[in-house]
Amino acid sequence: MDMREVLEKVKQGEISVEEAEHYFRKAPFDEMGYAKLDMHRQIRSGFPEVIFCSGKADAHLVPIVKRLYEANGEVFGTRASEHQYQMLKEIYPQIQYDPISHILKIENKEKKEGVGLIAVCTAGTADIPVAEEAAQTAEYFGAKVERIYDVGVAGIHRLFARLDAIQDANCVVAVAGMEGALASVLGGLVNKPVIAVPTSVGYGASMNGISALLTMINSCANGIATVNIDNGYGAGYIATQINRMGVKEK
């Protein structure tokens with residue numbers, strides 16, 4: 001339960017004040033020796049802790065998933081491998097895995113339909129894995145997402161064909177490798193924030209995304225914020241925050 005749910009249950013007489021007090025006295029993090037799980041993160045920020053799976057030992061990942069699932073009734077992990085998915089599936093048959101974005105999750109089936117609108121755009125098809133990380137992160141956190149893929153500057157008419165949907169969004173995520181020009185183009189076409197995500201897609205001189213990163217942070221278009229190379233999760237998180245603000249204003 002989150003803080004509001006506890007208070008509502010007290011108000012309705014479903015739990016006692018003493019039970020609520022016991023809940024709030026719980027330590028703000030769970031000490032596991034190799035990890036300190038931030039159990040009060042959702043209370044502070046509105047988002048529960050997410051697992052970065054890459055590099056985690058099996059012996060560490062399994063208990064972390066178990067504890068977060070027990071606490072929240074769902075769990076979300078990024079940069080997961082097929083091996084990690086198969087291992088966790090033996091314990092949690094309901095776990096889902098997307099081999100494109102490398103996201104694994106156990107999601108609450110009673111979640112409501114997504115709210116607001118975030119447009120996630122890619123310059124090319126090769127950028128989709130990073131874009132899916134952004135899109136699925138935003139959807140997990142309760143946003144409605146419109147995917148608009150392969151609309152890069154090499155054929156800009158493809159972008160103009162979907163411009164109405166992009167302009168309707170509360171926030172736009174622009175995912176691009178190579179020279180990363182898509183974010184600048186979108187920044188000049190919409191009146192909402194654009195989150196630029198450079199990807200490591202490209203030939204040698206793209207320097208594994210550094211070229212796109214430099215283009216995006218040096219853009220002359222206004223309203224663009226840039227996250228790290230291939231950081232789809234970070235873009236999805238920020239986009240969700242912006243989207244929530246847009247929903248409140250309406």
Side-chain angles (χ1 to χ4, degrees), residues 1-10 14-16 18-115 129-130 132-143 145 228 230-241 244:
M1 293 188 293
D2 62 22
M3 180 172 59
R4 179 176 290 275
E5 188 176 355
V6 172
L7 295 174
E8 285 290 342
K9 285 184 178 295
V10 172
E14 296 178 24
I15 63 174
S16 68
E18 290 73 21
E19 288 172 319
E21 187 179 24
H22 175 73
Y23 174 84
F24 289 120
R25 280 180 176 172
K26 289 180 180 178
F29 65 89
D30 275 9
E31 175 62 72
M32 302 181 73
Y34 48 82
K36 295 175 176 61
L37 300 186
D38 189 353
M39 308 309 292
H40 284 194
R41 185 173 298 183
Q42 184 159 5
I43 294 173
R44 299 192 316 273
S45 68
F47 297 84
E49 183 165 12
V50 165
I51 305 167
F52 182 78
C53 299
S54 180
K56 280 187 171 55
D58 295 351
H60 295 163
L61 180 61
V62 172
I64 289 172
V65 169
K66 181 176 184 293
R67 182 65 191 94
L68 290 177
Y69 179 58
E70 287 175 348
N72 302 320
E74 53 185 1
V75 67
F76 190 83
T78 65
R79 302 301 169 95
S81 67
E82 179 71 27
H83 162 75
Q84 289 172 326
Y85 164 61
Q86 293 297 341
M87 173 187 64
L88 289 166
K89 190 177 180 181
E90 292 293 320
I91 307 168
Y92 303 103
Q94 74 273 38
I95 199 166
Q96 298 175 314
Y97 179 67
D98 175 27
I100 295 176
S101 64
H102 301 288
I103 283 173
L104 59 78
K105 62 184 178 181
I106 304 173
E107 196 164 11
N108 187 343
K109 293 181 179 179
E110 297 180 359
K111 271 193 169 183
K112 296 179 181 178
E113 187 177 349
V115 300
V130 176
E132 276 299 312
E133 185 177 81
Q136 293 187 40
T137 295
E139 287 174 333
Y140 179 79
F141 288 136
V145 174
N228 207 346
D230 292 335
N231 187 12
Y233 169 76
Y237 186 106
I238 297 168
T240 303
Q241 290 179 308
R244 289 179 179 181

Report the C-alpha separation of Asp58 and Gln84 in whole Å, then their side-chain angles, then the decisive distance to 0.1 Å, and conclude whether the side chain to side chain donor-acceptor pair (under 3.5 Å) test is met.
CA-CA 7 Å; Asp58 295 351; Gln84 289 172 326; 5.1 Å; no
Under the side chain to side chain contact (heavy atoms under 4.5 Å, CB included) rule, what do Met87 and Val62 come out as? Steps first, then yes or no, please.
CA-CA 8 Å; Met87 173 187 64; Val62 172; 3.7 Å; yes
Please evaluate residues Tyr97 and Lys89 with respect to the criterion side chain to side chain contact (heavy atoms under 4.5 Å, CB included), reporting the C-alpha separation (whole Å), side-chain torsions for both, the decisive distance (0.1 Å), and the verdict.
CA-CA 9 Å; Tyr97 179 67; Lys89 190 177 180 181; over 6 Å; no
Test side chain to side chain contact (heavy atoms under 4.5 Å, CB included) on Asp230 and Arg79 and set out the steps.
CA-CA 11 Å; Asp230 292 335; Arg79 302 301 169 95; 3.9 Å; yes
Passes side chain to side chain contact (heavy atoms under 4.5 Å, CB included), Leu61 versus Cys53? Steps please.
CA-CA 7 Å; Leu61 180 61; Cys53 299; 4.2 Å; yes
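A donor-acceptor pair shorter than 3.5 Å cannot be found between the side chains of Gln86 and Glu90.
The backbone N or O of Asn231 sits nowhere less than 3.5 Å from a side-chain atom of Asn228 that would complete a donor-acceptor pair. Side chain of Glu74 to backbone of Asn108: a donor-acceptor contact under 3.5 angstrom is found.
For the pair Leu104 and Ile51, the minimum side-chain heavy-atom distance is 4.5 Å or more. Counting heavy atoms from C-beta outward, His102 and Thr78 have side chains that stay 4.5 Å or more apart. Two residues are said to be in side-chain contact when any heavy atoms from C-beta on lie closer than 4.5 Å; Ile64 and Tyr34 meet this criterion. In this structure the side chain of Thr137 reaches within 4.5 angstrom of the side chain of Phe76, judged on heavy atoms.
Note that CG of Leu88 is 8.5 Å distant from NE2 of His83, once rounded to the nearest 0.5 Å. Here the straight-line distance linking atom CD of Gln136 with atom CD of Glu132 works out to 5.0 Å at 0.5 Å rounding. Separation of atoms CD1 (Ile103) and OH (Tyr85) is listed at 14.0 Å; rounding is to 0.5 Å.
When all heavy atoms are compared, the tightest approach of Lys105 to Tyr140 is CD-CD1, 4.4 Å. The minimum heavy-atom distance between Glu107 and Glu139, with the atom names listed, is OE2-O, 4.4 Å. Across every non-hydrogen atom of Ala134 and Ala235, the tightest pair is CB-CB, 4.4 Å.
For Ile91, the CD1 atom is densely surrounded, since the number of other residues' heavy atoms within 6.0 Å is greater than 12.
In this structure Arg244 satisfies the side-chain contact (heavy atoms from CB on, under 4.5 Å) test together with Phe47, Phe141, Thr240, sequence neighbours excluded.
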